[in-house]
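Each chain gets a letter, A, B and so on, in the order its sequence line appears, and its residues count up from 1.
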There are 2 protein chains.
Amino acid sequence: MQMKSTIPEAGAPIAQTAPGNGTDRQEASLHGEILLRLRDYVVEGNIPEGARVPERKLCEMLGISRTPLREALKVLAAEGLIELLPNRGARIRQLSQRDLEELFDVMAGLESLAGRLACEAITDEEIAEIERLHYKMYGHYLHRDMHGYFQINQRIHESIVAAARNETLRAAYANFAGRIRRIRYSANFARKRQRWAEAMREHEAILDALRRRAGSELSDILFEHLRNKRTAAIEHLAEAREATAAMAAGG
Amino acid sequence: MQMKSTIPEAGAPIAQTAPGNGTDRQEASLHGEILLRLRDYVVEGNIPEGARVPERKLCEMLGISRTPLREALKVLAAEGLIELLPNRGARIRQLSQRDLEELFDVMAGLESLAGRLACEAITDEEIAEIERLHYKMYGHYLHRDMHGYFQINQRIHESIVAAARNETLRAAYANFAGRIRRIRYSANFARKRQRWAEAMREHEAILDALRRRAGSELSDILFEHLRNKRTAAIEHLAEAREATAAMAAGG
DNA sequence: GCGACCAATTTTGCATTCATTTTTTATCTT
DNA sequence: AAGATAAAAAATGAATGCAAAATTGGTCGC
């Protein structure tokens with residue numbers, strides 16, 4: 001039975017052109033669509049860490065044959081989201097604490113670069129927009145609305161990356177951000193309260209350096225800002241994993 | 001005819017475990033081997049820019065079927081070395097001048113990060129080794145040996161990346177370096193003589209900052225160093241492309 | 001002689017099939 | 001009954017087959 005000649009029995013609709021996570025979107029081919037869908041699926045943490053990604057099940061789920069699926073899996077492996085064990089299929093890549101530290105440092109480097117480049121090209125309008133976001137975020141801070149704060153925070157960082165006017169950088173940033181986001185979803189990540197005030201102050205320094213187009217200075221501030229984030233995140237993850245381990249032992 | 005049950009008639013030997021270009025090496029599966037071979041083949045500039053990568057020819061060349069080849073092509077496309085046009089096959093990605101500028105800036109950011117991280121972790125022995133390389137490179141500079149200079153220069157930058165103790169960073173660096181290396185091979189890249197003395201001075205500043213473990217400072221110096229490289233490289237490439245275009249028009 | 005149109009060939013995308021390895025299950029031994 | 005062993009089932013890796021799209025070559029019209 002050929003797919004093209006009959007209506008597939010299983011599977012959800014394939015077509016979708018959602019803006020998505022920012023990584024390269026290659027439309028119009030089956031493996032491309034599958035890649036987008038699978039990447040989002042994995043990034044959103046729908047499969048637990050270290051779990052197998054069974055080809056057959058996914059094929060049925062998506063209503064396709066194994067060929068395009070396997071092509072997508074190879075790409076996801078190259079992107080670092082999954083692992084391919086020879087003759088033993090795909091697994092969701094389990095990030096060690098060290099992996100996460102490394103990832104955060106690379107993100108810090110990329111944002112630090114983005115800040116430096118942004119100072120060369122950013123317009124007054126873009127700065128005004130970031131200021132607007134900043135004050136909105138400050139409002140969330142005052143109201144102790146962590147979720148709102150977090151969302152605006154992310155938009156500010158994305159705005160800085162966008163202002164760098166470097167598509168290559170943006171794509172790399174999106175890739176690494178995706179790897180971290182996976183953890184965030186599955187570990188129910190949240191920023192520590194004690195870090196909050198400090199982070200807010202750092203954001204003011206970021207905005208100040210950006211206004212003055214002080215590239216080298218902004219680069220330093222952003223690196224340190226992300227470094228502090230890293231410390232908080234790693235601690236949080238360690239606690240979460242301990243809790244999970246304890247639960248598994250207790251239950 | 002199944003590959004496993006008969007000896008393949010066409011194609012060069014598949015097995016090879018060369019250290020290669022530094023990007024992740026996944027052995028033991030056909031698509032993995034193909035990926036390594038194809039990547040090196042493309043990075044070394046064996047196929048001209050924009051040229052088609054015909055599946056069938058490559059399959060015969062490598063003595064395999066299209067399935068693993070296509071898997072490898074998808075990965076190379078994700079890495080940014082080739083482009084996949086829907087229903088029109090793979091082409092060697094043609095980098096615009098803007099693409100190259102972006103790539104150099106990202107490389108600058110990654111090396112800048114590497115320098116910063118290296119200052120946190122580098123040992124005296126590693127610094128001594130980089131000093132040794134530095135003086136060797138200085139010798140090549142004095143003897144006007146560009147090729148020797150260039151090779152040592154590359155080893156110094158790789159040493160700094162290695163000293164950052166960040167495998168994620170190293171892999172990303174290798175990926176971007178590969179994209180640029182392709183151009184270098186095919187455009188017969190070389191540094192401008194006029195930049196040479198300046199680059200040598202910058203390298204002394206790099207070494208000095210490294211000795212003092214001045215992370216932020218080293219970060220700045222490395223970024224500027226790569227930025228200057230970028231300018232020289234882009235100019236050179238523009239000239240080379242003009243020459244090629246003139247040759248094509250004249251011949 | 002040059003360009004538009006159409007059939008033949010090639011190429012691509014995906015499904016299917018086959019061989020091999022891994023995992024599961026059932027049986028046997030101690 | 002617990003563990004080891006072997007057969008059965010399932011999953012993986014790669015080749016082949018088939019339909020759709022694109023490229024090529026040739027013919028016709030102007």
Choosing from dA15(C), dG13(D), dT12(C), which nucleotide comes nearest the side chain of Arg70(B)?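 Nucleotide nearest to Arg70(B)'s side chain: dT12(C).
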
Output yes when at least one side-chain N/O atom of His31(A) is less than 4.0 Å from OP1 or OP2 of dG13(C), else no.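 It does not, given that no N or O in the side chain of His31(A) lies less than 4.0 Å from OP1 or OP2 of dG13(C).
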
Which whole-number value in Å describes the distance from [X] [atom1] to [N] [atom2]?
{"X": "Glu60(B)", "N": "dT11(C)", "atom1": "CD", "atom2": "C1'", "answer": "13 Å"}
{"X": "Arg56(B)", "N": "dA22(D)", "atom1": "CZ", "atom2": "P", "answer": "20 Å"}
{"X": "Leu35(B)", "N": "dG13(D)", "atom1": "CG", "atom2": "P", "answer": "14 Å"}
{"X": "Glu71(B)", "N": "dG13(D)", "atom1": "CD", "atom2": "P", "answer": "8 Å"}
{"X": "Arg88(B)", "N": "dG13(C)", "atom1": "CZ", "atom2": "P", "answer": "11 Å"}
{"X": "Leu62(A)", "N": "dC14(C)", "atom1": "CG", "atom2": "P", "answer": "13 Å"}
{"X": "Leu69(A)", "N": "dC14(C)", "atom1": "CG", "atom2": "P", "answer": "12 Å"}
{"X": "Leu30(A)", "N": "dC14(C)", "atom1": "CG", "atom2": "C1'", "answer": "7 Å"}

Charged N-O contact under 4.0 Å between [X] and [Y]:
{"X": "Glu83(B)", "Y": "Arg91(B)", "value": "no"}
{"X": "Arg227(A)", "Y": "Glu120(B)", "value": "yes"}
{"X": "Glu101(A)", "Y": "Arg98(A)", "value": "yes"}

For Thr67(B) and Arg52(B), find the nucleotide of DNA chain D closest to each by heavy atoms; which residue's nucleotide sits nearer the 5' end?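 By nearest-heavy-atom nucleotide position, the 5'-most residue is Thr67(B).
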
Find which nucleotide of DNA chain C each of Pro68(A) and Arg91(A) is nearest to by heavy atoms, and output the residue with the more 5' nucleotide.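 Result of the comparison: Pro68(A).
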
Ala164(B) backbone acceptor or donor facing Arg116(B) side chain under 3.5 Å: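 Between the backbone of Ala164(B) and the side chain of Arg116(B) there is no qualifying donor-acceptor contact (under 3.5 Å).
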
Describe the nucleic acid contact of Arg66(A) in one word from base, sugar-phosphate, nothing, applying a heavy-atom distance below 4.0 Å.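 Base contact - Arg66(A) has a heavy atom under 4.0 Å of at least one base atom.
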
